[in-house]
Number of protein chains: 2
Amino acid sequence: MNIGKAAKLSNLTIKTVRYYANIGLVKPEQNISSGYREYTDEEVAKLKFIGKARKFDFSIDECKELLSLYEDKNRTSKEVKKITLEKISQIDSKLKDLKDLRNELSFLASNCHGDDKPNCPILDELSKN
Amino acid sequence: MNIGKAAKLSNLTIKTVRYYANIGLVKPEQNISSGYREYTDEEVAKLKFIGKARKFDFSIDECKELLSLYEDKNRTSKEVKKITLEKISQIDSKLKDLKDLRNELSFLASNCHGDDKPNCPILDELSKN
DNA sequence: CTTTACTCTACCCTGAGGGGAAAGTATATA
DNA sequence: TATATACTTTCCCCTCAGGGTAGAGTAAAG
């Protein structure tokens with residue numbers, strides 16, 4: 001099938017599918033006379049797989065890794081779990097940073113009257129030495 | 001003072017300070033004969049201000065806005081508080097997404113034995129239709 | 001045969017700078 | 001005064017994961 005149908009079936013944009021072909025992530029055959037990319041059902045399945053993994057916040061490189069595990073009948077679940085646990089730990093670290101940030105901002109905001117007077121503890125904090 | 005000293009005093013990299021000059025955020029005089037940028041104490045104070053705001057996750061555009069409020073003696077604290085509350089709400093939204101993501105991944109990982117067998121619920125989920 | 005829909009490559013754009021090259025300037029030392 | 005070293009300048013390409021658009025070619029439908 002052509003790229004438009006492959007994109008529709010995998011719920012990706014044509015741009016994204018073409019990008020994955022360019023970086024060698026999912027590389028379909030290309031019709032010699034027309035130059036059109038021709039996707040098989042299996043390639044569409046890979047596109048779907050990647051789409052899901054991307055939603056789970058895996059980077060393209062991580063997707064590449066997961067995809068090769070997915071294609072390897074002899075891979076162990078240990079390898080996949082390792083990548084997933086690493087991703088969870090990255091998320092935890094991001095969560096902590098964001099929570100800290102939220103606390104600080106929320107503290108500043110709660111101390112700011114937010115009225116028509118110029119006095120503002122938020123700007124005071126930002127301009128503190 | 002030259003850019004090196006301004007960068008050191010404001011705890012920013014020279015690249016960053018030069019970038020801020022290029023985009024017109026903090027634009028110092030430039031010595032006509034040498035072409036060197038010449039920073040005043042006030043400009044260094046602005047750089048510090050921006051550095052802090054960036055740590056609070058404000059974008060460059062938001063920094064620009066905060067900086068103009070900072071420089072406006074007649075601004076009200078209401079305006080500053082509004083921007084800050086919007087930022088907090090952005091952070092809350094990011095926090096929710098990350099938490100949801102973590103829950104899903106953590107559920108998958110806990111159902112994966114992570115042993116030497118090929119059976120893997122994580123990949124099963126990713127390849128589900 | 002023409003219109004419409006689809007696809008191709010190639011180029012520039014995003015945010016917030018980082019890295020490095022080549023060239024000019026300033027300062028300290030011999 | 002000459003040289004070595006440190007500092008600064010502009011210019012260009014790179015990041016990540018594609019998005020937007022242009023111009024041209026191809027396929028399918030009327």
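Only a predicted model underlies this, so the values are computations on that prediction, with no experimental measurement involved. Naming: A, B, ... by sequence-line order, numbering from 1 per chain.
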> Whole Å only: how far is the CD1 atom of B/Ile14 from the C1' atom of D/dT10?
Replying inline: 14 Å
> OP1 or OP2 of D/dG18 sitting under 4.0 Å from any side-chain N/O of A/Tyr20?
Replying inline: yes
>> Using side-chain heavy atoms (C-beta onward) and a distance below 4.5 Å, is A/Asn111 in contact with A/Glu125?
In response: no
> Do we see a donor-acceptor contact under 3.5 Å between the side chains of A/Thr76 and B/Asp115?
Replying inline: no
>> The side chain of A/Lys15 is closest to which nucleotide in this list: D/dG19, C/dA16, C/dC8?
In response: D/dG19
> B/Leu47 CG to C/dG17 P: how many Å, rounded?
Replying inline: 11 Å
> Taking for each residue the nucleotide of DNA chain C with the nearest heavy atom, is it B/Val17 or A/Gly35 whose nucleotide lies nearer the 5' end?
Replying inline: A/Gly35
> Taking 4.0 angstrom as the limit, do B/Glu71 and B/Lys46 come out as a salt bridge?
Replying inline: yes
> Please give, in whole Å, the distance from D/dG19 C1' to A/Leu12 CG?
Replying inline: 14 Å
> Could A/Asp100 and A/Lys96 be called an ion pair, given the rule that one side-chain N must be under 4.0 Å from one carboxylate O?
Replying inline: yes
> Ignoring hydrogens and angles, are the base of C/dT25 and the side chain of B/Tyr36 linked by a donor-acceptor pair under 3.5 Å?
Replying inline: yes
> B/Lys55 has an atom NZ; how far is it from atom P of C/dA16, in whole Å?
Replying inline: 17 Å
> Checking A/Arg54 side chain against A/Phe58 main chain: does a donor-acceptor pair fall under 3.5 Å?
Replying inline: yes
> Which whole-number value in Å describes the distance from B/Met1 CE to C/dT25 C1'?
Replying inline: 19 Å
>> Categorize A/Ile23 for me: base, sugar-phosphate, or nothing, with a 4.0 angstrom heavy-atom threshold over every strand shown.
In response: nothing
> Should A/Arg37 be listed as having a side-chain N or O under 4.0 Å from OP1 or OP2 of C/dT9?
Replying inline: yes
> Starting at the 5' end of DNA chain D, which residue's closest nucleotide do you reach first, A/Asn2 or B/Asn22?
Replying inline: B/Asn22
> Whole-Å distance between C/dG17 C1' and B/Ile50 CD1?
Replying inline: 14 Å
> What integer distance in Å separates A/Asn31:CG from D/dA27:C1'?
Replying inline: 11 Å
> Any donor-acceptor pair under 3.5 Å between the side chain of B/Tyr19 and the base of C/dG15?
Replying inline: no
> Which part of the nucleic acid, if any, lies within reach of A/Gln30 when heavy atoms closer than 4.0 Å are counted: base, sugar-phosphate only, or nothing?
Replying inline: sugar-phosphate
>> Applying a 4.0 Å non-hydrogen cut-off, can you work out what A/Arg18 is touching in the nucleic acid: base, sugar-phosphate, or nothing?
In response: base
> In whole Å, what is the span from the OH atom of A/Tyr39 to the P atom of C/dC6?
Replying inline: 16 Å
>> If you only use heavy atoms from C-beta on, which nucleotide in C/dG17, D/dG18, C/dT25 is closest to the side chain of B/Ser34?
In response: C/dT25
> Is any side-chain nitrogen or oxygen of A/Thr13 closer than 4.0 Å to OP1 or OP2 of D/dG19?
Replying inline: yes
